[in-house]
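As structure tokens, the structure follows; a few thoughts come after it.
Order of appearance sets the numbers: ligands from 1, and atoms from 1 within every ligand.
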Amino acid sequence: MNFNPGSHPVPTELRCEYLREPLGIDVPHPRFSWILSHPGKAQKQKAYRILVCSDLEQALRKNGDKWDSGEIESPQSFGIPYSGEPLESIKRYWWRVVWWNTAGKASGFSEPAQFGTGFLDGSEWQAPWISMKNPEEFISRGTVILGRYQGDYVQCLGIYLRKEIQLKAEVERATAFISGLGFYELRINGKKVGDAVLDPAQTDYDKVALYSTFDVTDMLTQNSTIGLILGNGRHIENYGYGKPKATLQMEIEYEDGSRDVVVTDKSWKASDGPLRENGLYFGEHYDARLEMSGWDEAEFHNENWEKAEEVDGPSLSSQMMPPVRVERFVKPQRLYSPTKGVYIFDFGRNFSGWARLKVRGPSGTKVELRYAELVHEDGTLNTATNDGADATDVYILRGKNRESWAPRFTYHGFRFVEVSGYPGAPSLESLEGCFVHSEVEHTGSFKCSNDLINRIHENVVWGHLSNLMSIPTDCPQRDERHGWLGDAHLAAEEAIFNFDLAPFYSNFISEIQLSQTQEGGLPDIVPGYLRSLYPADPAWGTAFITLAWLMYQHYGDERILADNFDSMRRYIEFLRSKAEGNIQKTLGKFGDWCPPGSIASKKTPVELVATWYYFHDVVLLGKIAAALGKKDDEKIFSLLADKIRSAFNRFFLRKDGYASLQNGPLDFEPSQTSNLLPLHLDLVPDDSKQQVIDTLVDSVIRLNDCHLDTGIIGTRYLLEVLCDIGQAEAAYKIASQTSYPGWGYMIAEGATTLWERWEKREGGGMNSQNHIMLGSVDAWFYKYLAGIKPLSAGWRRIGILPHPLGDLEFVEAETSTPLGRLAVSWKRSEGQFELTADVPVGAEAEIGLPLLWEDSDLYDSGRKIRPEDGGTAQFSVSGVNNDRILIKTGSGKYHFLILAK
Ligand code: BGC
């Protein structure tokens with residue numbers, strides 16, 4: 001091939017294991033990905049060459065001394081595994097890539113990008129875990145229940161650890177590897193290292209803890225002090241984890257080529273300090289009078305600090321995903337005083353995080369911040385939806401100058417903060433909201449001409465971000481915040497359209513795998529620390545297979561399928577062992593959770609939902625087997641799926657549609673969910689199909705006046721099924737209703753995120769104002785209103801089938817694919833429909849332009865096209881049916897116009 005450097009743009013957005021310039025890679029064959037751009041149309045990568053170099057100099061000389069892949073003829077531009085010389089632990093590498101386009105011309109080499117390794121072999125981690133001998137006392141807060149499944153909440157005060165070190169020479173590079181359970185803050189010479197908060201990610205600490213990697217070269221001085229603060233997080237007695245602890249290994253490379261390793265051990269000093277209480281649910285108590293000025297700097301008198309003790313700890317793995325951070329600041333919109341000395345700050349919307357307090361006053365003044373999602377009619381704080389979570393931060397003033405404080409080891413879900421004890425009257429500047437969540441990249445956008453739909457989208461985005469807290473959580477405010485698997489998978493597709501979740505879900509899937517029992521069962525929540533929640537309802541356990549499949553579909557990640565295949569098969573084996581006559585009669589607990597008017601699956605039998613997910617997962621694992629080339633397994637799963645299908649129809653299908661389990665405990669009428677689920681997976685025998693469709697449509701249109709009557713499970717598929725059976729207008733009406741039940745109703749009633757229930761309920765119990773499990777509607781906006789979907793793994797084939805429904809005049813949507821950005825917009829007016837698509841290099845798009853008028857003409861960038869000619873040099877017209885003109889394009893920007901004659 002022709003090497004003609006610079007003939008088209010070099011690859012950009014170089015990533016290693018999904019991250020830009022990551023440190024701490026702990027897999028031997030990390031995967032490389034890049035994005036291509038090209039001004040021309042129908043461009044593909046014909047070949048690539050990757051260089052991995054041991055230092056920047058080699059990289060600049062284009063000498064791939066660790067790996068030179070040579071010119072590989074392949075369109076693959078993501079997920080290419082390293083296959084050079086074995087990588088070494090704790091090293092930095094540089095890499096570059098060049099690509100050849102369709103015409104065989106080479107780009108220039110990309111700019112060098114860096115990646116660093118962590119511990120490729122776990123035994124290289126030398127640092128023991130340390131803690132404080134007796135962190136005074138464990139404080140028991142008897143009132144707090146853990147997600148209503150456990151007893152009292154026991155926590156420990158904040159632990160401070162310190163160590164002074166002397167450097168031997170000029171430092172070339174220093175890297176800190178650290179884990180601290182539940183949460184830690186690492187400090188060097190008086191400054192916080194990095195900007196992560198609530199680190200590390202939550203795991204089942206009996207099995208694994210994650211370490212983070214920081215380049216601390218610039219923070220070290222000849223005499224340096226390393227400080228650590230430890231908080232409880234979920235590392236608490238109730239889950240059997242004991243007191244907080246930390247392990248740190250700092251690798252120092254000197255300019256003269258020598259090295260030093262600093263580790264946590266008994267020589268560290270430990271103390272308590274100003275952080276008197278910290279609990280995930282009940283908040284933080286900080287007494288600034290007890291601050292130990294200079295404790296994390298050299299020459300501090302630590303005579304009354306005790307020796308740290310070494311303790312046991314779990315094995316470690318690198319945290320290969322973006323950390324939790326304060327992602328943005330939110331200004332309060334309103335400040336008022338409902339009663340004397342009590343002030344309410346209204347931030348205007350619900351979110352996760354905390355408020356930073358700014359205050360000045362006498363030493364010892366106690367300021368209390370109580371967080372809540374709601375206020376009562378009289379304006380006072382309504383904390384009912386926090387349930388057992390106290391959600392209260394207390395700050396006791398130091399008493400000098402202006403003070404600024406925010407909690408470290410807790411977070412809240414709130415819109416309102418009540419402040420009491422403030423010296424004098426606070427102003428709007430006295431509190432600043434900090435929106436805290438896993439810092440995922442925002443990769444999607446959606447906008448249309450219907451403001452309500454835009455607001456639903458916005459609420460979903462805020463709600464989803466509030467529930468990304470290193471694991472996908474159910475809610476941020478009450479005494480739960482667990483990784484409920486049902487909530488996680490139901491909203492996952494919407495999340496993937498909006499954010500880059502590849503590293504986040506990779507991590508979560510590993511955690512699901514770790515939670516698996518010997519028999520193959522999974523828990524309802526992951527990390528699986530609540531032992532009482534085994535085995536999962538199949539509608540929750542499906543997250544394992546469903547999330548892995550979404551990773552494959554959207555990010556083209558085949559490794560995740562291969563790495564988890566055996567465990568997924570064991571999960572299916574587990575489901576099979578529990579089935580009776582291929583029906584899941586015992587595993588279902590929640591079913592179509594939270595339908596209108598109820599928490600429980602009132603109209604849809606849990607057995608039906610559980611068996612449907614059993615079928616769903618068997619079918620999906622069959623597809624996964626096919627993707628991995630495991631033909632025998634594919635066959636086995638397809639036979640099993642046939643058996644479940646027959647049993648499902650035998651047990652649940654009646655003349656008027658799907659309803660109760662035969663001889664089941666309760667007699668159910670055919671519900672929307674009972675009927676839409678089998679339609680979605682094509683389970684319905686041909687001769688019953690029309691009846692099942694009629695039953696569903698009758699319920700939607702006649703009985704419910706275009707409102708849903710579904711819980712979280714049915715809601716996930718309802719709108720898609722309606723579109724697929726020719727009832728797209730009804731789907732749009734449901735999505736844009738402002739009356740009960742529906743998303744628009746929530747908004748009309750003041751919701752700024754999504755509620756847990758369809759009802760407006762502001763009391764205690766299951767009434768969170770910020771749950772994400774009904775957020776799947778947003779995926780429907782992308783997939784149906786904008787019309788974009790991956791038709792093959794990794795979006796190599798892209799479907800663009802817009803639905804101009806109801807009053808919609810335009811839709812604009814963007815999302816990112818592993819091949820690059822995909823943007824689609826359409827607009828319509830009297831006798832005119834226009835579509836613009838920007839298709840990434842390497843992809844092919846299959847576009848279905850809607851035919852809205854009896855007779856119309858097609859134009860491509862202003863030129864009239866006769867569909868019967870089969871297209872142009874740029875694209876082909878592959879067919880015309882009643883509803884659409886079907887067009888196939890390669891990459892590039894396209895603009896089509898349809899004009900009514
Ligand atoms: C959680 C849910 C979860 C459910 C399971 C609730 O308490 O908040 O979102 O999926 O329990 O039943």
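- Q319 and D199 share a donor-acceptor pair across their side chains, judged by distance under 3.5 Å alone.
- For the pair E756 and ligand 1, a heavy-atom separation below 4.0 Å is found.
- In this structure, the ring of W758 has its center less than 6.0 angstrom from the ring center of W743.
- Only the side chain of E480 comes within 4.0 Å of ligand 1, counting heavy atoms alone; its backbone N, CA, C and O stay farther away.
- Residue contacts with ligand 1 for H771 involve side-chain atoms from C-beta outward but no N, CA, C or O (heavy atoms, distance under 4.0 Å).
- Compare T473, D487, D479 by their heavy atoms: the one nearest to atom 9 (O) of ligand 1 is in D487.
- Close contacts of ligand 1 with D474, meaning ligand atoms under 4.0 Å from a residue heavy atom, involve 1 (C), 8 (O), 9 (O).
- Assignment of R478 to the shell around ligand 1 is supported, since a heavy atom sits closer than 4.0 Å.
- Geometric assessment of R328 against the ring of F351 yields a negative cation-pi assignment under the 6.0 Å and 45° thresholds.
- Rounding to the nearest 0.5 Å gives a distance of 10.5 Å between CD of E749 and CD of Q769.
- For CD of E377, the number of neighbouring non-hydrogen atoms (other residues, nucleotides, ligands) closer than 6.0 Å is 12 at most.
- Residue M773 approaches ligand 1 through these ligand atoms, each under 4.0 Å from one of its heavy atoms: 9 (O).
- Of all atoms in ligand 1, numbered sequentially from 1 with element shown, those under 4.0 Å from a heavy atom of W540 are 5 (C), 10 (O).
- Annotation: cation-pi geometry not satisfied between R415 and W462 (NZ/CZ under 6.0 angstrom from ring centroid, within 45° of ring axis).
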